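These notes concern the structure reproduced below.
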Amino acid sequence: SGSVKIRNVTSNHRASDTVVCEGRPQVLNGRFMYGPLDVVTLTGEKVDVYVMTQPLSGKWIHFGTEVTNSSGRLTFPVPSERALGIGVYPVRMVVRGDHTYAECCLTVVSRGTEAVVFSIDGSFTASVSIMGSDPKVRAGAVDVVRHWQDSGYLIVYVTGRPDMQKHRVVAWLSQHNFPHGVVSFCDGLTHDPLRQKAMFLQSLVQEVELNIVAGYGSPKDVAVYAALGLSPSQTYIVGRAVRKLQAQCQFLSDGYVAHLGQLEAGSHSHAPSGPPRAALAKSS
């Protein structure tokens, strides 16, 4: 009866967006679970890993097969002879048994690529929770992200939400036309999402060697960005100013629309270093 049960339960597989510096090992990770709260774990099953090596071709190239472990996880190191050059590559991990799959992107960057980080929680949504049916987006939020992307920066979205909510959050971002970017979730339910966020961003700076030029978020992200070494002038916090944090960030108390006007007036006048936008911009 166990195997019949699984057929009536929706898959909730997810793979992590991965960013690597050119020349470093490229390792993909996925987790294969079924049901709304991960009630069923897919263990010891074969998963085929496909990569769209020419993103506009629509052709999936089979890179190999890996077996899920006892917690439904899979780690797939891209063979060194097939390592990918600078660019953004769609990845699909397909469960051989029932053809359900997880998708993510592998982004390969040159050392020093400039990035802008947006913390989703409490900064993009005008209503409290992304878990609501469809929280409203704050006016101008999409345009601010697009401005940075059009200026050639890599966009990184971070959230303290567990990865089991990946589909919901990614669907919400694309439904509201947020530009494509790397999306990072917490690994499972965690008691300290801010710490996980901080560790992920630290790894982008230390291992991926990204140059993070600005961070956006809510008041609770101020400490995360400060620990990353961003200056108060590079830290943008949405909403009403909190007096005790005023020296540590710039509050966008007039909202994103006013902020966009300032950005367009050229407050960051230098063009970013790193690959031209065409190499990283992926049509979603």
Side-chain angles (χ1 to χ4, degrees), residues 13-32 42-55 57 59-96 101-117 153-159 163 166 170 180-188 190 195-212 228-229 272-276 278-282:
H13 310 321
R14 57 262 182 189
S16 315
D17 279 353
T18 303
V19 198
V20 287
C21 189
E22 192 187 18
R24 296 268 178 103
Q26 300 173 356
V27 181
L28 302 169
N29 291 286
R31 193 167 192 195
F32 296 81
L42 186 74
T43 62
E45 291 287 337
K46 284 184 178 169
V47 174
D48 288 307
V49 178
Y50 295 90
V51 181
M52 207 180 281
T53 53
Q54 294 172 8
S57 70
K59 278 215 297 259
W60 293 102
I61 309 296
H62 185 254
F63 264 46
T65 306
E66 207 62 63
V67 174
T68 57
N69 72 8
S70 60
S71 55
R73 295 178 192 277
L74 169 155
T75 301
F76 181 81
V78 172
S80 53
E81 68 275 9
R82 301 187 84 162
L84 292 148
I86 292 169
V88 180
Y89 305 94
V91 173
R92 188 175 276 184
M93 302 181 180
V94 184
V95 177
R96 215 174 256 192
Y101 58 85
E103 287 184 308
C104 65
C105 272
L106 168 62
T107 300
V108 182
V109 296
S110 60
R111 190 168 283 111
T113 291
E114 296 189 311
V116 179
V117 175
Y153 295 85
L154 176 68
I155 302 300
V156 178
Y157 299 108
V158 293
T159 169
D163 59 354
K166 177 173 176 175
V170 169
H180 173 82
V182 174
V183 187
S184 167
F185 290 83
C186 281
D187 186 8
T190 171
R195 184 164 166 270
Q196 274 208 20
K197 243 190 231 185
M199 282 168 59
F200 169 74
L201 292 172
Q202 290 291 347
S203 76
L204 290 184
V205 171
Q206 285 159 10
E207 292 157 38
V208 186
E209 299 185 56
L210 284 185
N211 176 9
I212 297 174
L228 203 59
S273 63
L280 287 173
K282 168 185 165 291

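Everything numeric here is computed off the predicted structure, so don't read it as measured data.
Two residues are said to be in side-chain contact when any heavy atoms from C-beta on lie closer than 4.5 Å; Thr53 and Phe63 meet this criterion. Between Val156 and Phe200, the closest side-chain pair of non-hydrogen atoms falls below 4.5 Å. Side-chain contact between Val51 and Leu106 is absent, with no heavy atoms from C-beta onward closer than 4.5 Å. Residues Asp17 and Thr107 have side chains not in contact (no heavy-atom distance under 4.5 Å, counting atoms from C-beta outward). Pro90 is listed as a side-chain neighbour of Trp60, based on a closest heavy-atom distance under 4.5 Å. Side chains of Leu28 and Met93 form a contact here, defined as non-hydrogen atoms less than 4.5 Å apart. Val47 is not listed as a side-chain neighbour of His13, based on a closest heavy-atom distance of 4.5 Å or more.
Heavy atoms of other residues, nucleotides or ligands lying less than 6.0 angstrom from CD of Gln202 number more than 12. Within a 6.0 Å sphere centred on CZ of Arg195, other residues, nucleotides and ligands contribute 12 heavy atoms or fewer.
Distance check: Glu22 CD to Thr113 OG1 gives 9.0 Å after rounding to the nearest 0.5 Å. In this structure, the separation between OG on Ser110 and CD on Glu209 is 10.0 Å, given to the nearest 0.5 Å. Atom CG of Leu74 is separated from atom CG of Asn29 by 8.0 Å, given to the nearest 0.5 angstrom. The distance from atom CD of Gln206 to atom SG of Cys21, rounded to the nearest 0.5 Å, is 13.5 Å. One distance of note links CZ of Arg31 with CZ of Arg14; it measures 6.0 Å at 0.5 Å rounding. For the atom pair CD1 (Ile212) and CG (Leu228), the distance works out to 4.5 Å, reported to the nearest 0.5 Å.
Judged by distance alone, the side chain of Gln26 and the main-chain N or O of Leu84 form a donor-acceptor pair under 3.5 Å. Of the possible polar contacts, none joining the Ser71 side chain to the Asn69 backbone as a donor-acceptor pair under 3.5 Å is found. Distance alone, capped at 3.5 Å, is enough to place a donor-acceptor pair between the Thr68 side chain and the Glu45 backbone. Using a distance-only test at 3.5 Å, with no hydrogens or angles considered, no donor-acceptor pair links the side chain of Lys166 to the main chain of Ser16.
Residues Val88 and Cys105 share a closest heavy-atom pair of CG1-SG, 4.0 Å. In terms of heavy atoms, Glu66 sits closest to Thr75 at CG-O, 3.3 Å. Thr43 approaches Ser70 most closely through the heavy-atom pair CG2-O, 3.2 Å. For Ala102 against Ala15, the heavy-atom pair with the smallest separation is CB-N, 3.8 Å. Listed here is the closest heavy atom pair of Val95 and Phe32: CG2-CD2, 3.6 Å.
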Going through the distances and angles, do Ile61 and Arg82 end up as a side chain to side chain contact (heavy atoms under 4.5 Å, CB included)?
CA-CA 11 Å; Ile61 309 296; Arg82 301 187 84 162; 3.3 Å; yes
Would Ser57 and Met52 count as a side chain to side chain contact (heavy atoms under 4.5 Å, CB included) here? Give the steps.
CA-CA 8 Å; Ser57 70; Met52 207 180 281; 4.2 Å; yes
Would Asp48 and His62 satisfy side chain to side chain contact (heavy atoms under 4.5 Å, CB included), going step by step from the backbone distance to the final call?
CA-CA 7 Å; Asp48 288 307; His62 185 254; 3.0 Å; yes
